[in-house]
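Here is the structure we will look at.
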Amino acid sequence: MRYQWIVFDADDTLFDFGKAEQHAVGRLLTSHNVADNDTHQRLYRGINKHLWQELERGAIAPGELKVTRIQRFFDEMGITADPAEWADHFLDFLAEGSHLLEGAESVVTRLATHAQLGILTNGLTRVQRSRLERSGLAEHIAVLTISEEVGASKPAAAIFVAMEQAMQSPEKSRVLMVGDRYETDIIGARRFGWDTAWLSPELPEDLEPPTFHLTDIRLLPGLLLEDRPG
(Lines give C-alpha, C1' and ligand atoms only; values in the text may rest on other atoms or scores of the structure.)
Protein backbone atom coordinates (compact mmCIF):
# COMPACT_ATOMS: atom_id res chain seq x y z
CA MET A 1 0.00 0.00 0.00
CA ARG A 2 1.03 3.59 -0.58
CA TYR A 3 1.10 4.38 3.13
CA GLN A 4 3.32 2.85 5.78
CA TRP A 5 1.39 4.59 8.57
CA ILE A 6 -2.25 5.58 8.92
CA VAL A 7 -2.79 8.02 11.77
CA PHE A 8 -6.34 8.45 13.03
CA ASP A 9 -7.87 11.20 15.08
CA ALA A 10 -9.86 9.68 17.95
CA ASP A 11 -13.11 11.51 18.70
CA ASP A 12 -15.72 11.58 15.93
CA THR A 13 -13.31 9.75 13.64
CA LEU A 14 -13.15 6.37 15.39
CA PHE A 15 -14.99 7.03 18.66
CA ASP A 16 -18.52 8.35 18.98
CA PHE A 17 -17.68 11.21 21.31
CA GLY A 18 -21.26 12.47 21.39
CA LYS A 19 -22.42 9.28 23.10
CA ALA A 20 -19.51 9.33 25.54
CA GLU A 21 -20.13 12.94 26.45
CA GLN A 22 -23.87 12.46 26.84
CA HIS A 23 -23.26 9.50 29.15
CA ALA A 24 -20.74 11.43 31.27
CA VAL A 25 -22.88 14.56 31.61
CA GLY A 26 -25.86 12.40 32.53
CA ARG A 27 -23.85 10.68 35.25
CA LEU A 28 -22.69 14.06 36.56
CA LEU A 29 -26.20 15.52 36.65
CA THR A 30 -27.91 12.54 38.26
CA SER A 31 -25.16 12.40 40.89
CA HIS A 32 -26.45 15.79 42.03
CA ASN A 33 -30.15 14.93 41.65
CA VAL A 34 -30.48 17.24 38.65
CA ALA A 35 -32.52 16.28 35.59
CA ASP A 36 -30.59 14.86 32.67
CA ASN A 37 -32.31 16.63 29.77
CA ASP A 38 -31.45 18.21 26.41
CA THR A 39 -31.24 21.72 27.85
CA HIS A 40 -28.65 20.76 30.45
CA GLN A 41 -26.72 18.61 27.95
CA ARG A 42 -26.54 21.52 25.48
CA LEU A 43 -25.38 23.88 28.21
CA TYR A 44 -22.44 21.64 29.06
CA ARG A 45 -21.53 21.07 25.41
CA GLY A 46 -21.40 24.80 24.79
CA ILE A 47 -19.10 25.39 27.75
CA ASN A 48 -16.84 22.50 26.83
CA LYS A 49 -16.61 23.42 23.13
CA HIS A 50 -15.56 26.97 23.97
CA LEU A 51 -12.85 25.80 26.37
CA TRP A 52 -11.42 23.26 23.91
CA GLN A 53 -11.19 26.03 21.31
CA GLU A 54 -9.25 28.05 23.87
CA LEU A 55 -6.96 25.09 24.52
CA GLU A 56 -6.25 24.64 20.81
CA ARG A 57 -5.27 28.32 20.64
CA GLY A 58 -2.95 27.81 23.58
CA ALA A 59 -4.97 30.11 25.84
CA ILE A 60 -5.70 27.48 28.49
CA ALA A 61 -3.87 24.39 29.79
CA PRO A 62 -5.43 20.89 29.94
CA GLY A 63 -5.37 20.84 33.74
CA GLU A 64 -7.22 24.14 33.87
CA LEU A 65 -9.76 23.01 31.29
CA LYS A 66 -10.69 19.92 33.30
CA VAL A 67 -11.76 21.95 36.32
CA THR A 68 -12.98 25.14 34.63
CA ARG A 69 -15.59 23.37 32.52
CA ILE A 70 -17.09 21.75 35.62
CA GLN A 71 -16.89 24.99 37.61
CA ARG A 72 -18.74 26.94 34.90
CA PHE A 73 -21.30 24.18 34.48
CA PHE A 74 -21.96 24.02 38.21
CA ASP A 75 -22.26 27.81 38.37
CA GLU A 76 -24.85 27.79 35.58
CA MET A 77 -26.74 24.90 37.15
CA GLY A 78 -26.62 26.28 40.69
CA ILE A 79 -24.80 23.18 41.94
CA THR A 80 -22.73 23.68 45.07
CA ALA A 81 -19.90 21.15 45.02
CA ASP A 82 -16.13 21.04 44.69
CA PRO A 83 -15.42 21.34 40.94
CA ALA A 84 -11.93 19.86 41.25
CA GLU A 85 -13.27 16.71 42.93
CA TRP A 86 -16.05 16.33 40.39
CA ALA A 87 -13.71 17.03 37.50
CA ASP A 88 -11.95 13.80 38.45
CA HIS A 89 -15.23 11.91 38.65
CA PHE A 90 -16.26 13.34 35.29
CA LEU A 91 -13.10 11.99 33.65
CA ASP A 92 -13.99 8.55 34.96
CA PHE A 93 -17.48 8.93 33.48
CA LEU A 94 -16.02 9.95 30.12
CA ALA A 95 -13.57 7.05 30.19
CA GLU A 96 -16.52 4.66 30.33
CA GLY A 97 -17.67 5.88 26.90
CA SER A 98 -15.78 3.65 24.48
CA HIS A 99 -18.53 3.64 21.84
CA LEU A 100 -17.16 3.42 18.31
CA LEU A 101 -18.61 4.93 15.16
CA GLU A 102 -20.38 2.41 13.00
CA GLY A 103 -17.84 0.50 10.93
CA ALA A 104 -14.78 1.89 12.74
CA GLU A 105 -13.73 -1.44 14.21
CA SER A 106 -13.88 -3.24 10.87
CA VAL A 107 -11.93 -0.41 9.17
CA VAL A 108 -9.17 -0.56 11.76
CA THR A 109 -9.02 -4.36 11.69
CA ARG A 110 -8.76 -4.46 7.91
CA LEU A 111 -6.20 -1.68 7.51
CA ALA A 112 -4.02 -3.10 10.30
CA THR A 113 -3.07 -5.94 7.95
CA HIS A 114 -1.68 -3.47 5.40
CA ALA A 115 -0.12 -0.63 7.43
CA GLN A 116 0.87 0.39 10.92
CA LEU A 117 -1.82 2.37 12.71
CA GLY A 118 -1.65 5.18 15.22
CA ILE A 119 -3.96 7.62 16.99
CA LEU A 120 -3.15 11.31 17.38
CA THR A 121 -5.66 13.07 19.60
CA ASN A 122 -6.32 16.37 21.29
CA GLY A 123 -7.50 14.79 24.48
CA LEU A 124 -6.89 13.91 28.10
CA THR A 125 -4.73 10.94 29.03
CA ARG A 126 -7.01 9.52 31.68
CA VAL A 127 -9.89 9.43 29.22
CA GLN A 128 -8.26 8.45 25.96
CA ARG A 129 -6.08 5.58 27.17
CA SER A 130 -8.95 3.99 29.07
CA ARG A 131 -11.36 4.33 26.13
CA LEU A 132 -8.88 2.76 23.74
CA GLU A 133 -8.40 -0.26 26.02
CA ARG A 134 -12.15 -0.66 26.52
CA SER A 135 -12.91 -0.36 22.80
CA GLY A 136 -11.05 -3.46 21.65
CA LEU A 137 -8.93 -1.46 19.17
CA ALA A 138 -5.77 -1.32 21.29
CA GLU A 139 -4.19 -4.44 19.78
CA HIS A 140 -4.19 -2.75 16.36
CA ILE A 141 -2.83 0.64 17.46
CA ALA A 142 0.96 0.80 17.52
CA VAL A 143 1.25 4.41 18.71
CA LEU A 144 -1.07 6.62 20.75
CA THR A 145 -0.07 10.28 21.09
CA ILE A 146 -2.20 12.52 23.32
CA SER A 147 -2.02 16.31 23.47
CA GLU A 148 -2.04 16.41 27.26
CA GLU A 149 1.09 14.26 27.39
CA VAL A 150 2.89 16.24 24.70
CA GLY A 151 1.95 19.68 25.98
CA ALA A 152 0.74 20.80 22.54
CA SER A 153 -2.48 20.34 20.59
CA LYS A 154 -3.26 19.92 16.91
CA PRO A 155 -2.71 21.84 14.67
CA ALA A 156 0.57 22.85 16.40
CA ALA A 157 3.63 21.29 14.78
CA ALA A 158 4.96 20.06 18.13
CA ILE A 159 2.35 17.33 18.50
CA PHE A 160 2.99 16.09 14.96
CA VAL A 161 6.72 16.01 15.73
CA ALA A 162 5.99 13.90 18.82
CA MET A 163 3.88 11.51 16.76
CA GLU A 164 6.53 11.26 14.05
CA GLN A 165 9.21 10.44 16.61
CA ALA A 166 6.99 7.77 18.18
CA MET A 167 6.58 6.24 14.70
CA GLN A 168 10.38 6.27 14.30
CA SER A 169 10.35 8.98 11.62
CA PRO A 170 8.82 7.41 8.52
CA GLU A 171 8.94 9.29 5.23
CA LYS A 172 6.29 12.00 5.37
CA SER A 173 4.92 10.93 1.99
CA ARG A 174 4.07 7.54 3.48
CA VAL A 175 1.91 8.87 6.33
CA LEU A 176 -1.84 9.52 6.04
CA MET A 177 -3.76 11.51 8.67
CA VAL A 178 -7.47 10.68 8.97
CA GLY A 179 -9.67 13.09 10.91
CA ASP A 180 -12.99 14.92 11.08
CA ARG A 181 -11.78 18.43 11.94
CA TYR A 182 -10.42 20.49 9.09
CA GLU A 183 -8.75 23.14 11.26
CA THR A 184 -6.82 20.73 13.45
CA ASP A 185 -6.47 17.37 11.69
CA ILE A 186 -6.29 18.37 8.04
CA ILE A 187 -4.50 21.72 8.18
CA GLY A 188 -2.10 20.54 10.87
CA ALA A 189 -1.16 17.37 9.02
CA ARG A 190 -0.87 19.05 5.63
CA ARG A 191 1.46 21.72 7.00
CA PHE A 192 3.58 18.92 8.45
CA GLY A 193 3.84 17.23 5.07
CA TRP A 194 1.44 14.32 5.53
CA ASP A 195 -1.37 13.33 3.20
CA THR A 196 -4.85 13.76 4.63
CA ALA A 197 -8.26 12.10 4.59
CA TRP A 198 -11.05 14.36 5.81
CA LEU A 199 -14.14 12.72 7.28
CA SER A 200 -16.87 15.26 6.56
CA PRO A 201 -20.42 15.25 5.16
CA GLU A 202 -19.44 17.89 2.59
CA LEU A 203 -16.36 19.24 0.83
CA PRO A 204 -16.77 23.04 0.66
CA GLU A 205 -15.43 24.60 -2.52
CA ASP A 206 -13.69 27.43 -0.66
CA LEU A 207 -11.36 25.08 1.25
CA GLU A 208 -8.18 23.54 -0.05
CA PRO A 209 -9.14 19.92 -0.60
CA PRO A 210 -7.58 17.06 1.37
CA THR A 211 -5.87 14.16 -0.37
CA PHE A 212 -9.05 12.14 0.19
CA HIS A 213 -12.58 13.13 1.19
CA LEU A 214 -14.72 10.65 3.14
CA THR A 215 -18.39 10.98 3.98
CA ASP A 216 -18.18 7.76 6.03
CA ILE A 217 -15.18 6.11 7.74
CA ARG A 218 -16.22 2.81 6.13
CA LEU A 219 -15.17 4.18 2.73
CA LEU A 220 -11.50 4.45 3.69
CA PRO A 221 -10.34 0.88 2.92
CA GLY A 222 -11.92 1.07 -0.53
CA LEU A 223 -9.91 4.19 -1.34
CA LEU A 224 -6.61 2.85 -0.05
CA LEU A 225 -6.93 -0.81 -1.02
CA GLU A 226 -8.87 -0.54 -4.26
CA ASP A 227 -6.51 -2.94 -6.01
CA ARG A 228 -6.47 -5.46 -3.17
CA PRO A 229 -9.28 -7.93 -2.48
CA GLY A 230 -10.25 -8.85 1.07
Side-chain angles (χ1 to χ4, degrees), residues 7-28 31 41 43-77 79 81-99 118-135 137-138 141 143-167 177-189 191-192:
V7 178
F8 292 94
D9 170 54
D11 293 318
D12 295 323
T13 298
L14 295 177
F15 292 90
D16 189 332
F17 183 72
K19 286 185 178 180
E21 186 175 58
Q22 183 177 22
H23 166 82
V25 174
R27 289 284 305 273
L28 184 65
S31 294
Q41 289 275 349
L43 174 63
Y44 171 81
R45 288 197 299 270
I47 292 170
N48 189 54
K49 181 179 179 180
H50 172 74
L51 288 172
W52 273 102
Q53 290 170 341
E54 292 292 295
L55 183 140
E56 289 165 359
R57 288 196 292 267
I60 187 173
E64 185 180 357
L65 179 147
K66 295 177 197 177
V67 178
T68 300
R69 64 184 177 185
I70 303 302
Q71 176 68 73
R72 292 185 183 178
F73 188 51
F74 280 2
D75 288 346
E76 291 287 340
M77 295 298 302
I79 295 173
D82 180 358
E85 177 185 350
W86 281 95
D88 276 343
H89 294 320
F90 188 71
L91 292 181
D92 291 335
F93 299 155
L94 275 174
E96 295 169 356
S98 58
H99 315 83
I119 291 178
L120 178 60
T121 174
N122 284 356
L124 304 174
T125 299
R126 186 166 168 182
V127 174
Q128 300 295 54
R129 290 197 176 277
S130 176
R131 292 169 70 212
L132 179 60
E133 290 298 328
R134 291 168 183 261
S135 72
L137 298 184
I141 302 301
V143 173
L144 171 62
T145 298
I146 303 172
S147 61
E148 184 180 25
E149 297 175 356
V150 174
S153 301
K154 295 177 289 182
I159 193 170
F160 289 93
V161 170
M163 185 71 184
E164 183 178 60
Q165 291 173 344
M167 297 187 298
M177 177 78 210
V178 184
D180 68 297
R181 293 196 58 196
Y182 188 84
E183 298 83 359
T184 55
D185 300 319
I186 305 309
I187 291 179
R191 286 176 179 168
F192 197 65

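Since we're looking at a predicted model, the values are computed, not measured.
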- side-chain hydrogen bond (donor to acceptor under 3.5 Å, both in side chains) partners for Arg129, two or more places apart: Glu149
- Do Phe74 and Leu28 have side chains that get closer than 4.5 Å, going by heavy atoms? yes
- Side-chain donor or acceptor of Gln41 paired with backbone N/O of Gln22 under 3.5 Å: yes
- Test side chain to side chain contact (heavy atoms under 4.5 Å, CB included) on Glu21 and Tyr44 and set out the steps. CA-CA 9 Å; Glu21 186 175 58; Tyr44 171 81; 3.3 Å; yes
- Item | Set of salt bridge (charged side-chain N to carboxylate O under 4.0 Å, His left out) partners for Arg181, sequence neighbours left out | Glu56
- So which heavy atom on Thr145 is nearest to which on Ala162, and how close? CG2-CB, 4.3 Å
- For Ala20 and His99, the nearest pair of non-hydrogen atoms, with its separation, is N-ND1, 4.1 Å
- Note on the structure: Contacts of Asp88 meeting side-chain hydrogen bond (donor to acceptor under 3.5 Å, both in side chains) (sequence neighbours excluded), chain-then-number -> Arg126
- Query: How many angstroms lie between atom CD1 of Ile70 and atom CG of Leu65, to the nearest 0.5 angstrom?
  - Reply: 9.5 Å
- Message: For Ala10 versus Ile119, what's the shortest heavy-atom pair and its separation?
- Response: CB-CG2, 3.9 Å
- Does the side chain to side chain contact (heavy atoms under 4.5 Å, CB included) test come out yes or no for Arg131 and Phe17, once each step is laid out? CA-CA 11 Å; Arg131 292 169 70 212; Phe17 183 72; 4.3 Å; yes
- Message: Return the CG to CG distance between Leu144 and Leu137, rounded to the nearest 0.5 Å.
- Response: 11.0 Å
- Query: Yes or no on side chain to side chain contact (heavy atoms under 4.5 Å, CB included) for Arg134 and Glu96, after CA distance, side-chain angles and deciding distance?
  - Reply: CA-CA 8 Å; Arg134 291 168 183 261; Glu96 295 169 356; 4.3 Å; yes
- Message: Rounded to the nearest 0.5 Å, what separates atom CH2 in Trp86 from atom CZ in Arg27?
- Response: 9.0 Å
- Heavy atoms of Ala189 and Met177 approach each other most closely as CB-CB, 3.5 Å
- Item | Distance, nearest 0.5 Å, that separates CG of Asp185 from OG1 of Thr121 | 8.5 Å
- Listed by chain and number, what are the side-chain hydrogen bond (donor to acceptor under 3.5 Å, both in side chains) partners of Glu85, not counting sequence neighbours? none
- Query: Would the Phe73 and Phe90 ring centres measure less than 6.0 Å apart?
  - Reply: no
- Side chains of Glu164 and Phe192: does their closest heavy-atom pair fall under 4.5 Å? yes
- Message: For a quick test of reading the model, state the closest non-hydrogen atom pair linking Val143 to Ala166 and the distance between them.
- Response: CG1-CB, 3.5 Å
- Message: Could you report the tightest heavy-atom contact between Ala158 and Ala152, atom names first, then the distance?
- Response: CB-CB, 3.7 Å
- Task: Mind checking side-chain contact (heavy atoms from CB on, under 4.5 Å) for Pro62 and listing every partner two or more places apart, or none if nothing turns up?
- Result: Leu55, Leu124, Glu148
- Query: Considering residues at least two apart in sequence or located in another chain, which fulfil the side-chain hydrogen bond (donor to acceptor under 3.5 Å, both in side chains) criterion with Ser153?
  - Reply: none
- Item | Rounded distance [0.5 Å steps], CD1 in Ile186 versus CG in Asp180 | 8.5 Å
- Task: Nearest 0.5 Å please: distance from the CD1 atom of Ile159 over to the CG atom of Leu120.
- Result: 4.5 Å
- Item | Pair Arg191-Phe160, side chain to side chain contact (heavy atoms under 4.5 Å, CB included): steps then yes or no | CA-CA 10 Å; Arg191 286 176 179 168; Phe160 289 93; over 6 Å; no
